[in-house]
Amino acid sequence: MSSEENENNLDYYLSLLNEEQNEAVRHEGSPLLILAGAGSGKTRVITTKIAYLIAKKNINPFSILAVTFTKKAAKEMQERAVAMEERAANAQIRTFHSFGAWFLRQFASEAGIDKNFTVYDDDDMITIVNKAVPGLTKQQASLAAKRISLAKDYCITPDSKDIIEISNDKDFPIIYEAYQTRLRSTGNVDFGDLIMLPVQVLEQNPNVQKQINYRFNVIMVDEYQDSNMAQFRLLQALAGFNDTPADTNHVSISDITSSALDESEGPEKFSILRQTDSSDTASNTKHSQGTDFEQVRTTALKMPYICVVGDDDQSIYKFRGAEVQNILSFQKQFPNTKLIRLEKNYRSTARILQVADKVVSKNESRLGKTLVAARGDGKQPVLTFLDTQDDEAEFCASLIKKAHLKGVPYQDWAILYRTNAQSLGFETEFLHQKIPYTIVGSLKFYDREEIKDILAFLALIANPRDEIAFRRIVNKPARGIGGVAQDKIVALALQDGVMGSLIKSAEKYSETASKKAKEGLTFFTSQMNDYLQSLESATGEDNLSVFVEKIMNSSGLLEYHKTQDEIADTQKVLNLQELSNSAVLYKFTQEGLLDFLDHIELDRTLEKADGQEEADSVTLITLHNTKGLEFPRVIITGLEYGIFPRQEKQNAELEEERRLFYVGITRAKDELYITSCAQRRLYGHIQFMEPSPFLAEAGKDSWRLLGKVPRAFAYATSKDGDGTEENSSQPTNPLFAKWSVGTRIYHDEFGYGQIVRTETKDSEFVISVSFENSGIKKFLPEYQSGSLLIVKD
DNA sequence: CCCGTCGTTATTTTT
DNA sequence: TAACGACGGG
């Protein structure tokens, strides 16, 4: 296609956009924040914008960087942009982490890592903590690993004073430091490093930053509300907005000569640079935030254009380090930001959106927007109250079955729940009723033992310093090389803090080892050397699955897992086969191997082989996993206080739960069903449940009600018809209220009374109520199913 | 080294 | 309740 055709072609795509979308696509000259409500066509806007910049604005596709959070989103974005404009294939459209990996492969030495690094996952992190700090219990190690991850999400190093924000345990910095040392000795990285190391490299190497700033003229970020601090800083550095400490003696003169300024001395140099810089790009002035920092742009040529897209109402990953603050304060961080709201929703019918809007509007910290339905009213969302979780599963099954008889395919349905454990009841019921289902996300393909084994072989071949991979496979299947021998081999390889080849070290050790260990090691090392050699001499004519097969067969692992399959009735061999299949796409070369490992580590969902279409089935999925998805019919289950929201959630965390509900609701295109049970088996006990306060927040009139309406719901929605109270971010469920002495109470059986005492006994909260006619009674409010109410004046 | 039993513990997890 | 990990006997 000629570029002229492309241009005409693009006019067609532009004509499909609504006014705001169009404005967002065409905007230029200052940072842009697009607040895109659920289903408002944000992907369309980003992709069209990429195509538009290339076709209409002559932007070199190589200079466009678009980052997303999931591989799936990146892939979709790329495909859709390329469909509009072929040259978009040359744009960098990646996940944050794959961008980090790409970056680190180029600047490995600056980052202090091996250029053949592989990425350690969370389990590997725990193993490293264990090795770095012996004597920790498994629990302590995994807690430490979790905190290290979180620290890295915030770019906090072991010696940072901010470390107490992560943990005030005085041992934590020591553990973190030891972990880092151990990790660095392997030459590999963890997930957090994929963001934090590029930030450090960029911030500490003006030359590198200059190079990168020069490379990327346009930077776009999708799902910006889920970015963490580290990602924010990466973005700043990429956009050239980052702060460099005033003590910038590492900034050499040559680094800033491109600014065409005189080489005057002292801090004024920077302020002049800053001034000149900002006057050159009038709209992109960076204001000075602190007294201790000077802003230095190392390239004074031109500011990259930055555009982020997100929805503060869909921020649901705080627990993993995501900072809603990033999107809430974007306009402050990037002055002169243009804000465009996309509020027209093309996905859901109006009645569904109304529920979503009512619920989320209870949140206080939000930028605020109101979704406008582009479609008709549609069906009234159905809220069903059931007795037990078994009834709930049965109800869902019968809904789906009835619809199926009328020709609605199973795949139109999704069952959403808060926790993975909730899937069990549905599985049992569906199995029983022969309803096909697919569970999304619970057991990750690449987390399976057999898969990790083969990947460990590949990782060790790629990087013979990979201690974790080495330990995983050196004695699998068992060949007499126990933990002690492994420690000695690692110690032997570790010279002056630098890890050498573990294979060489294993060879060396085998000379002095016992007979059994010697035999085992000889087998292992000769196999490894054979693999290394065949990789070295590989021409790239074969694909990587040839190599994977070779390893599986000759290492004894296939045999080992075959035996396991027979014993435990598992499908490990089948999974291995699948892994081998997925390697077909990669070349049998060193580069192909690294590529393969990167793709696997950075996308933990198995890529479906072509032609292997998903059968018609119901989707069972956690609410978190639904982001970005849509289904014609959605059932959100377990809307009970304690489950959703979880009991301990308050304030900001409660708001996040509410957003999660919002995300769930807005997945539905045509029909929305909500279920809530009066009792539920939890941890082996039957517990009586209250309806989720979120239900009342939507108002009684939003729902078509089925089943026994619990008193708490009726009460909460009776006040003013729709459960709305002025300036109330407080949940309306009485359970959320403060049970304090003096509060007036109404009880089904005992009538009116007043709280005379509150206490916590055996970690249960107990209240004593003096009733007008029945004397004093004690209650556990937590377990009162709607029979105990606070009387409001 | 493997397997059974007992005890412990129960969110969400794009990468 | 159930699932998983730790531990000890064969």
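Convention: sequence-line order gives letters A, B, ...; per-chain numbering from 1.
One P atom belongs to B:dT13, the other to C:dC4, and the distance between them is 16 Å to the nearest Å. Rounded to whole Å, the C1' atom of B:dT11 lies 24 Å from the corresponding atom of C:dA6. Of the C1' atoms belonging to C:dA3 and B:dT14, the separation is 26 Å, rounded to the nearest Å.
Here the nucleotide nearest the side chain of A:Lys627, chosen from B:dT14, B:dC1, B:dT12, is B:dT14. Side-chain proximity of A:Asn420 to the nucleotides B:dA10, B:dT13, C:dA2 is greatest for B:dT13. Among B:dC1, C:dA6, B:dT14, the nucleotide with an atom closest to any side-chain atom of A:Asp226 is B:dT14. Each of B:dC1, B:dT11, B:dA10 was ranked by its minimum atom distance to the side chain of A:Arg646; first place goes to B:dT11. Each of B:dC1, B:dT15, B:dT13 was ranked by its minimum atom distance to the side chain of A:Lys71; first place goes to B:dT15. Taking only side-chain atoms of A:Thr419, from C-beta outward, the nucleotide of B:dT14, B:dT15, B:dT12 with the closest atom is B:dT12. Taking only side-chain atoms of A:Gln139, from C-beta outward, the nucleotide of B:dT9, B:dT14, B:dT15 with the closest atom is B:dT9. Comparing B:dT13, B:dT14, B:dA10 by their nearest atom to the side chain of A:Tyr683 picks out B:dA10. Checking B:dT15, B:dT14, B:dC1 against every side-chain atom of A:Asp122, the shortest atom distance belongs to B:dT15. Here B:dT14 is the nucleotide among B:dT12, C:dA3, B:dT14 with the atom lying nearest to any side-chain atom of A:Thr70.
Residue-level contact check: A:Lys138 touches the backbone only, with heavy atoms under 4.0 Å from sugar-phosphate atoms and none from bases. Residue-level contact check: A:Asp222 touches neither bases nor backbone, having no heavy atom under 4.0 Å from any strand. Residue A:Tyr317 is in base contact, counting any heavy-atom pair closer than 4.0 Å across all strands shown.
Distance A:Gln422 CD to C:dA2 P: 15 Å, rounded to the nearest Å. When rounded to the nearest whole Å, the span between CD of A:Glu76 and P of B:dT14 equals 18 Å. In this structure, A:Gln231 atom CD and B:dT14 atom P are separated by 14 Å, rounded to whole Å. Per the geometry, CG belonging to A:Leu682 stands 12 Å off C1' belonging to B:dT11, to the nearest Å. Following rounding to the nearest Å, A:Asp123 (CG) and C:dC4 (P) show an atom-to-atom distance of 13 Å. In this structure, the CG atom of A:Leu424 is 10 Å from the C1' atom of C:dT1, given to the nearest Å. B:dC1 atom C1' lies 14 Å from atom NZ of A:Lys476, rounded to whole Å. Counting to the nearest Å, the C1' atom of C:dA6 and the CG atom of A:Asn130 are 14 Å from each other.
Judged by closest nucleotide on DNA chain B, A:Lys516 is the one of A:Lys516 and A:Ile316 placed further toward the 5' end. Annotation: of the two residues near DNA chain B, A:Gly480 and A:Glu656, the 5′-most nearest-nucleotide partner is A:Gly480.
Ring-plane geometry between A:Phe319 and A:His624 is classed as perpendicular, the angle between the planes exceeding 60 degrees on a 0 to 90 degree scale with a lower cut at 30.
A heavy-atom distance below 4.5 Å is not found between the side chains of A:Phe69 and A:Thr95.
A sub-4.0 Å separation between OP1 or OP2 of B:dT14 and a side-chain N or O of A:Asn228 is absent. Within the structure, a side-chain polar atom (N or O) of A:Asn625 is placed less than 4.0 Å from OP1 or OP2 of B:dT13.
Partner A:Leu183 forms a side-chain contact (heavy atoms from CB on, under 4.5 Å) with one of A:Val129, A:Val189, A:Asp193, A:Ile113 and no other, that one being A:Asp193. Here the rule is salt bridge (charged side-chain N to carboxylate O under 4.0 Å, His left out) with A:Arg472, and of A:Asp453, A:Asp466, A:Asp123 only A:Asp453 fits it.
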message = Using salt bridge (Lys or Arg N to Asp or Glu O under 4.0 Å), reason through A:Glu653 and A:Arg646 one step at a time and then give a plain yes or no.
response = CA-CA 10 Å; A:Glu653 284 193 319; A:Arg646 288 185 65 80; over 6 Å; no
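Put simply, CZ on A:Phe661 and CD on A:Glu697 are 9.0 Å apart, with the number rounded to the nearest 0.5 Å.
With hydrogens and angles ignored, no donor-acceptor pair closer than 3.5 Å exists between the side chain of A:Arg681 and the base of C:dT1.
Judged by distance alone, the side chain of A:Glu640 and the main-chain N or O of A:Cys677 form a donor-acceptor pair under 3.5 Å.
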